[in-house]
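Since this is a predicted model, take the numbers as computed values, not measurements. Indexing begins at 1, ligand by ligand and atom by atom, following the structure's order.
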Amino acid sequence: MAELEKNSNKDIRLHDKEFKIFISSSEISIIIENLAKKINNSKIHNPIFIVIINGAFLFAADLLRKVKLPNTEVSFLKLSSYSGTKTTGNVNELIGLSSSVKNRNIVIVEDIIDTGITLEKIINILNEKEVTSITTATLLFKPEAYQKKIDIEFIGKEIPNKFVVGYGLDYDELGRNLPHIYKLKD
Ligand code: IMP
Ligand code: MG
């Protein structure tokens, strides 16, 4: 345990960049606990949680274990986009939407919302499929980077406009399995 604590304070290197710890796994647990309470209080009727992978896989696993809404369904969606790391907005299509979403209440589960371009595209595509309602749950939100007007109902934590990795978030595919969230060293 002591060893773990010690290691968790160390800076890490992914590809060519150095990162330092920003949000510890214990803080992440508290954030998720609070989010789950808000979601449970919302009383969304027969929701389908649509988890945006790869980034939201750990967040969704921890969050959804705490969601107690009756008749909850979970589905996964991968965005086809050309760049894995940059927020280019090249989101063309949704792959893997297996369940029928027509006339359903959707909760989008995202790891992070930056410019909001990705979120807007997901919402547009879901609306074409005639869903009843869409709400959004995101672990992290960068208000300074956000360019859209869409309400984000469930926000875990607002963060400055800095690049972060860990707990699902990657830097060029590295860092997703880290238990803590790290930010780029200045
Ligand atoms: P948006 O379309 O600009 O809102 O960006 C959303 C997507 O960009 C997220 O789902 C992430 O995949 C990626 N992204 C944005 N900011 C970061 C970051 O700080 N670290 C890792 N990925 C990020
Ligand atoms: Mg993502």
Side-chain angles (χ1 to χ4, degrees), residues 8 11-25 27-28 31-32 35 39 48-64 74-97 101 106-128 134-186:
S8 71
D11 294 347
I12 56 155
R13 189 179 180 84
L14 301 172
H15 297 297
D16 56 334
K17 294 193 178 6
E18 298 264 345
F19 295 85
K20 64 178 176 191
I21 199 150
F22 177 46
I23 309 172
S24 68
S25 66
E27 191 186 340
I28 294 170
I31 292 168
I32 291 176
L35 262 183
I39 291 171
I48 306 183
F49 286 78
I50 294 187
V51 179
I52 311 303
I53 51 174
N54 297 328
F57 82 111
L58 286 181
F59 171 48
D62 288 340
L63 177 73
L64 287 163
V74 182
S75 194
F76 297 86
L77 202 57
K78 195 174 171 80
L79 300 179
S80 71
S81 116
Y82 286 103
S83 168
T85 52
K86 296 214 175 58
T87 168
T88 59
N90 287 328
V91 181
N92 303 316
E93 219 185 302
L94 304 179
I95 306 165
L97 197 61
V101 292
I106 308 298
V107 185
I108 295 169
V109 181
E110 259 288 26
D111 50 356
I112 187 164
I113 295 172
D114 186 300
T115 61
I117 292 169
T118 310
L119 178 66
E120 184 175 69
K121 299 215 172 174
I122 295 167
I123 288 176
N124 287 344
I125 293 166
L126 288 170
N127 275 329
E128 280 170 20
I134 303 173
T135 49
T136 303
T138 187
L139 178 63
L140 301 175
F141 176 53
K142 295 180 180 171
E144 294 155 23
Y146 196 55
Q147 301 168 2
K148 304 294 174 185
K149 294 261 167 359
I150 305 158
D151 281 342
I152 304 165
E153 290 77 10
F154 306 108
I155 294 173
K157 188 180 172 77
E158 293 191 355
I159 64 166
N161 196 6
K162 292 270 169 63
F163 189 77
V164 293
V165 292
Y167 195 71
L169 293 147
D170 72 305
Y171 169 46
D172 237 343
E173 295 308 326
L174 295 185
R176 290 195 198 278
N177 59 317
L178 297 167
H180 313 288
I181 293 171
Y182 295 77
K183 74 173 171 190
L184 196 57
K185 282 177 87 173
D186 309 300

Run the contact test for L119 against ligand 1 with a 4.0 Å cut-off on heavy atoms, strictly below, and give the result.
no
With only distance considered, is F163 within less than 3.5 Å of ligand 1 through an N or O on each side?
no
Would D111 count as a polar contact of ligand 1, with the cut-off being nitrogen or oxygen pairs under 3.5 Å?
yes
Option of least heavy-atom distance to atom 13 (C) of ligand 1 (set: V165, L79, I112, D114):
I112
I'd like to know whether ligand 1 has K121 as a neighbour, heavy-atom separation below 4.0 Å.
no
Contacting atoms of ligand 1, where contact means under 4.0 angstrom from a heavy atom of D170
21 (C)
Search all heavy atoms of G55 against all heavy atoms of D111 and return the closest pair with its distance.
CA-OD2, 3.1 Å
Where does the angle between the aromatic ring planes of Y171 and H15 fall among parallel (under 30°), tilted (30 to 60°) and perpendicular (over 60°)?
perpendicular
Side-chain touch I181/I159, heavy atoms, less than 4.5 angstrom
no
Who pairs with I150 by side-chain contact (heavy atoms from CB on, under 4.5 Å), at least two apart in sequence or on another chain?
L119, E120, I123, Y146, K148
Picking from I52, I50, I152, what satisfies side-chain contact (heavy atoms from CB on, under 4.5 Å) with E110?
I52
I'd like to know if G116 contacts ligand 1, where contact means a heavy-atom distance under 4.0 Å to any ligand atom.
yes
Looking at ligand 1, would K162 count as a contact under a 4.0 Å heavy-atom criterion?
yes
D62/I28 under side-chain contact (heavy atoms from CB on, under 4.5 Å): CA gap, chis, key distance, verdict:
CA-CA 10 Å; D62 288 340; I28 294 170; 5.5 Å; no
Identify, by atom number and element, the atoms of ligand 1 in contact range of E110, meaning under 4.0 Å from any of its heavy atoms.
10 (O)
Within ligand 1, which atoms have a heavy atom of T118 less than 4.0 Å away?
1 (P), 2 (O), 5 (O), 6 (C)
Against heavy atoms of L169, which atoms of ligand 1 measure under 4.0 Å?
21 (C), 22 (N)
For N177, all residues meeting side-chain contact (heavy atoms from CB on, under 4.5 Å), sequence neighbours excluded:
none
Specify the closest pair of heavy atoms between F163 and D170, including all atoms of both residues, with the distance to one decimal.
CZ-O, 3.4 Å
Is the closest heavy atom of I52 to ligand 1 under 4.0 Å?
no
